[in-house]
Amino acid sequence: MKLLKKIGKILVILLILVLIGIIAALGVAYFFKNRDLNDIYSQYNQATDNLNKSDQENKITINNLQDSYKELNQKIDDLTKENNDLKSKVNVQGFGIVKGTILPFIVGDATLGQYQLVCASNISNANIQNCVSVSSLEPKFMMALPEGSYNFTARIQTADAKSTMANYRATYSEYIQCVSKNGLSKCDKSKLTKAVQVDVKAGQTLENVNPIDWATLTP
């Protein structure tokens, strides 16, 4: 009888140890499973955040492209209108077209702007002068002028566009005309600053009238 009791106690202890082992194993398994679930949940949240961020960036990019497209269309419309107006003057009102380019450079002085005022001065009548502001970033210009003879000059405008830089003026000179036609090596520098008389005729388009001779200091 005593032997059976001892065996029973031993079996109970063993059973308790087995149960403790099973509980411990289940606890460890639960810990690792819960950690894996947390990792998966974290990865899911990160992926969702990335998708949302990507979607927001795509929307911003699309909006920027739409704005740029609208701005470009507006510029095209403005240029089309300007060209149509110029054609109307040429075909109906007896105007000619003059095209040219300024010398693009950026002025470090904050009081000065990045625009140059290009003017066509009528040689026969000093009261007739046509001017246009030209950006250093878009240095080409086009002017519609009534028939006549003109000299072309360019001056740097102030930042407020109300006046121009004193003492400096670029001209469309005989030297610049020679360089555009014959190349630099074949032109005489003595023709620097000598203004070219540009004769404009109705329906005519003149190219390369470039007021870029800045060699003269003028009052």
Side-chain angles (χ1 to χ4, degrees), residues 72 75-76 78-80 82-87 89-91 94-159 161-219:
L72 181 60
K75 288 182 179 179
I76 291 173
D78 292 342
L79 288 173
T80 301
E82 182 181 348
N83 286 334
N84 289 336
D85 291 342
L86 291 173
K87 288 179 181 178
K89 288 182 178 180
V90 170
N91 296 330
F95 280 57
I97 297 292
V98 176
K99 296 180 179 181
T101 304
I102 63 170
L103 183 65
F105 54 86
I106 306 299
V107 182
D109 190 338
T111 63
L112 299 174
Q114 311 308 330
Y115 285 82
Q116 294 178 26
L117 189 67
V118 176
C119 293
S121 302
N122 190 287
I123 295 175
S124 301
N125 188 345
N127 293 322
I128 300 176
Q129 189 175 66
N130 296 270
C131 299
V132 61
S133 288
V134 185
S135 169
S136 292
L137 302 178
E138 295 290 341
K140 293 184 178 181
F141 68 88
M142 181 167 58
M143 302 174 69
L145 298 170
E147 284 189 315
S149 297
Y150 298 86
N151 289 329
F152 283 80
T153 60
R155 290 181 184 270
I156 298 172
Q157 290 184 282
T158 55
K162 292 182 179 180
S163 60
T164 57
M165 183 178 178
N167 300 329
Y168 289 95
R169 179 185 67 190
T171 60
Y172 174 49
S173 66
E174 292 181 7
Y175 180 74
I176 298 301
Q177 183 186 52
C178 177
V179 170
S180 65
K181 291 181 178 179
N182 306 314
L184 190 64
S185 61
K186 297 181 180 180
C187 297
D188 184 359
K189 289 187 177 181
S190 65
K191 294 183 178 181
L192 280 167
T193 73
K194 293 182 179 180
V196 174
Q197 176 178 308
V198 180
D199 297 320
V200 177
K201 297 180 179 179
Q204 183 184 44
T205 299
L206 299 175
E207 305 274 355
N208 297 318
V209 179
N210 306 324
I212 58 175
D213 183 347
W214 288 91
T216 303
L217 181 66
T218 60

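Between Ser149 and Asp199 the shortest heavy-atom distance is OG-OD1, 2.5 Å.
By the 4.5 Å heavy-atom criterion applied to side chains, Pro211 and Val118 are counted as neighbours. Counting only heavy atoms from C-beta outward, the side chains of Leu145 and Tyr150 approach each other to under 4.5 Å. In this structure the side chain of Ile156 never reaches within 4.5 angstrom of the side chain of Thr164, judged on heavy atoms. Looking at heavy atoms from C-beta onward, Lys99 lies in side-chain contact with Thr205 at the 4.5 angstrom threshold. Annotation: side chain of Val198 is in contact with side chain of Phe152 (closest heavy-atom distance under 4.5 Å).
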Please walk me through it: do Asn151 and Val196 pass side-chain contact (heavy atoms from CB on, under 4.5 Å)?
-> CA-CA 6 Å; Asn151 289 329; Val196 174; 5.9 Å; no
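Separation of atoms CG (Leu117) and CD1 (Ile102) is listed at 10.5 Å; rounding is to 0.5 Å. For the atom pair CZ of Phe95 and CD of Glu147, the computed distance is 10.0 Å after rounding to the nearest 0.5 Å. Distance check, rounded to the nearest 0.5 Å: CD of Gln177 to CD of Gln197 gives 11.0 Å. Atom CH2 of Trp214 is separated from atom CD1 of Ile176 by 12.0 Å, given to the nearest 0.5 angstrom. In this structure, CD in Gln204 is found 11.0 Å from CD1 in Ile97, a value given to the nearest 0.5 Å. To the nearest 0.5 Å, atom OG of residue Ser135 and atom CZ of residue Phe141 are 13.5 Å apart.
For the residue pair Ser121/Gln129, the side-chain donor-acceptor check at 3.5 Å is satisfied.
Of the possible donor and acceptor atoms, one in the side chain of Thr158 sits under 3.5 Å from a partner among the backbone N and O of Ser163. The backbone N or O of Leu103 lies less than 3.5 Å from a partner atom in the side chain of Gln116, making a donor-acceptor pair.
Scanning for side-chain contact (heavy atoms from CB on, under 4.5 Å) contacts around Tyr175 gives Ser173, Val179, Leu184, Cys187, Lys189, Lys191, Leu192, with sequence neighbours left out. Looking at residues two or more places apart in sequence or on another chain, you find a side-chain contact (heavy atoms from CB on, under 4.5 Å) between Thr153 and Cys119, Arg169, Thr171. Residues satisfying the side-chain hydrogen bond (donor to acceptor under 3.5 Å, both in side chains) criterion with Asn130, sequence neighbours excluded, are absent altogether. Scored by the side-chain hydrogen bond (donor to acceptor under 3.5 Å, both in side chains) test, Asn125 finds no partners at all (sequence neighbours excluded). Applying the side-chain hydrogen bond (donor to acceptor under 3.5 Å, both in side chains) criterion to Thr101, with sequence neighbours excluded, gives no partner residue. Residues that satisfy the side-chain hydrogen bond (donor to acceptor under 3.5 Å, both in side chains) test with Ser133, not counting sequence neighbours, are Gln157.
More than 12 heavy-atom neighbours from other residues, nucleotides or ligands sit within 6.0 angstrom of CD on Glu207.
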